[in-house]
Amino acid sequence: MAQETRHHEHSGAQAARSGMGGAVWGVTVPVVIAGPCAVESAAQMEAVASRLKEMGVRVLRGGAFKARTAADSFQGLREEGVNLLAQAGRKFGMLTISEVLDCRHAGFVAERVDILQVGSRNMYNYELLKELAKTGKPVFLKRSFMATLDEFAHAAEYLLKGRGEVALCERGIRTFEAAMRNTLDIMAVPIMKERLGLPVFVDVSHSTGRAALVAPAAKAAIAVGADGIMVEVHPQPANALSDNYQQLSIEQFSELLEVL
Ligand code: PEP
Ligand code: MN
């Protein structure tokens, strides 16, 4: 993708860049970021990355430092997980994205993966945002499940003080509705695009919480002009160590791409 500069109107923040040294966000075709919720093993990453690559996916996700609600849940493979993700990315020629949970891990992750993710629970962690801005790496900022769009925009401004590119991700908010894990606030896409001029993605997995709802959410995301989607894909969702209800199997993901 050709380098291009995007300007946004918000005061105080510098222009965000899109291009990322060879293609990620802001292109005319929606970007699909896919991969497992969590990196679990070398074999799992090999199984999923090889198939995603064949399907044309350019950005591979995999959580290594996992923010889990329950202390007894799988917490991720941490440094080893980052290394396994990076290894799969190198082997299959894909860009990689992984969450940084804490300032202490920022340098380690930044040296190994292409895009740093800020998770929903950390959107308000301004010290982490400042630390990530310093790395100069592209940052993928997820909306807190309880953030207003104004707060989301202010969090993005912390990142825009750095040199790296910034993309936003709507991942659902907490409402009174219990039929879904979160409520996908689809209008966040056009509103945030207009407000900051940054690429806006939709995480169609965490916003819905169920594999059956991923395709409708993805269609809605594309229809409202999202720059891309993030989808959790696992070689065996039923056996996944986290988020097994919402991860798509490789076959389900392939069907989703056809529909889109
Ligand atoms: C994730 O994408 O791995 C994740 C934990 O999502 P969120 O921060 O949106 O809950
Ligand atoms: Mn997950």
Side-chain angles (χ1 to χ4, degrees), residues 24-38 48 51-63 67 69 97 99 117 119-121 123 140-149 152 167-195 198-240 242-260:
V24 181
W25 45 58
V27 289
T28 47
V29 178
V31 172
V32 178
I33 300 174
C37 176
V48 75
R51 297 296 310 283
L52 294 179
K53 173 71 184 185
E54 281 169 13
M55 293 181 220
V57 172
R58 290 182 300 172
V59 189
L60 178 66
R61 68 155 279 152
T69 304
I97 176 169
E99 179 169 351
Q117 177 170 319
S120 187
R121 293 164 182 79
M123 189 207 85
F140 187 84
L141 176 67
K142 290 186 135 191
R143 180 185 183 181
S144 162
F145 56 81
M146 58 180 189
T148 63
L149 293 179
F152 192 17
L168 306 177
C169 181
E170 162 60 34
R171 51 76 72 205
I173 52 175
R174 180 169 289 175
T175 69
F176 53 80
E177 182 51 67
M180 300 153 290
R181 183 176 182 182
N182 290 287
T183 297
L184 173 55
D185 180 11
I186 200 73
M187 281 303 127
V189 176
I191 292 169
M192 294 308 286
K193 282 176 71 80
E194 184 185 28
R195 175 154 178 180
L198 295 172
V200 180
F201 283 67
V202 175
D203 176 339
V204 292
S205 299
H206 292 93
S207 60
T208 58
R210 268 195 282 148
L213 298 178
V214 166
K219 288 184 219 167
I222 304 305
V224 294
D227 294 271
I229 56 171
M230 170 174 266
V231 193
E232 286 187 340
V233 185
H234 191 285
Q236 293 171 305
N239 299 329
S242 55
D243 287 349
N244 50 353
Y245 289 108
Q246 71 192 32
Q247 302 206 58
L248 299 188
S249 65
I250 288 162
E251 293 68 34
Q252 286 170 323
F253 177 72
S254 166
E255 285 162 24
L256 171 68
L257 287 187
E258 302 227 332
V259 171
L260 293 182

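Quick caveat: nothing in here was measured; it's all calculated off a predicted structure.
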Distance (rounded to the nearest 0.5 Å) between F201 CZ and E170 CD: 14.0 Å

Student check: side-chain heavy atoms of R51 and E54 closer than 4.5 Å: yes

Test log, rule side chain to side chain contact (heavy atoms under 4.5 Å, CB included), inputs M230 and V59: CA-CA 9 Å; M230 170 174 266; V59 189; over 6 Å; no

Show every donor-acceptor pair shorter than 3.5 Å between a side-chain atom in residues 211-224 and any protein atom, with sequence neighbours excluded, or say none if there are none.
none

Note, L248 side chain near L256 side chain (heavy atom, < 4.5 Å): yes

Spacing of NE2 belonging to H206 relative to CG belonging to D243, to within rounding of 0.5 Å: 4.0 Å

Stepwise side chain to side chain contact (heavy atoms under 4.5 Å, CB included) test for L257 and V32: CA-CA 9 Å; L257 287 187; V32 178; 4.2 Å; yes

Distance (rounded to the nearest 0.5 Å) between D185 CG and L149 CG: 5.5 Å

Side-chain touch L168/V189, heavy atoms, less than 4.5 angstrom: no

Chi angles and distances behind the side chain to side chain contact (heavy atoms under 4.5 Å, CB included) call for V31, R58: CA-CA 8 Å; V31 172; R58 290 182 300 172; 4.1 Å; yes

Trace of the side chain to side chain contact (heavy atoms under 4.5 Å, CB included) decision for I33 with F140: CA-CA 11 Å; I33 300 174; F140 187 84; 3.7 Å; yes

A179 backbone acceptor or donor facing E177 side chain under 3.5 Å: yes

Residue among K142, R181, R143, R171 satisfying salt bridge (Lys or Arg N to Asp or Glu O under 4.0 Å) with D203: K142

Nearest-0.5 Å distance that lies between atom CG in D227 and atom CG in L198: 9.5 Å

Validation row: R121, T69 side chains within 4.5 angstrom (heavy atoms): yes

Which atom of G172 lies closest to which atom of S207, heavy atoms considered: N-CB, 3.8 Å

Residue pair S205 / R61, side-chain donor-acceptor N/O under 3.5 Å: no

Spatial distance of atom CD (E232) from atom CD (Q247) [nearest 0.5 Å]: 4.5 Å

side-chain hydrogen bond (donor to acceptor under 3.5 Å, both in side chains) between S120 and R174, intermediate numbers included: CA-CA 11 Å; S120 187; R174 180 169 289 175; over 6 Å; no

Check: N244 and H234 side chains under 4.5 Å, non-hydrogen atoms: no

Backbone of V204 reached by a side-chain donor or acceptor of T208 within 3.5 Å: yes

Contact check, side chains of L60 and I97, non-hydrogen atoms, under 4.5 Å: no

Heavy-atom closest pair, residues T183 and M180: OG1-CE, 4.2 Å

CG on L52 to CZ on F253, rounded to 0.5 Å: 5.5 Å

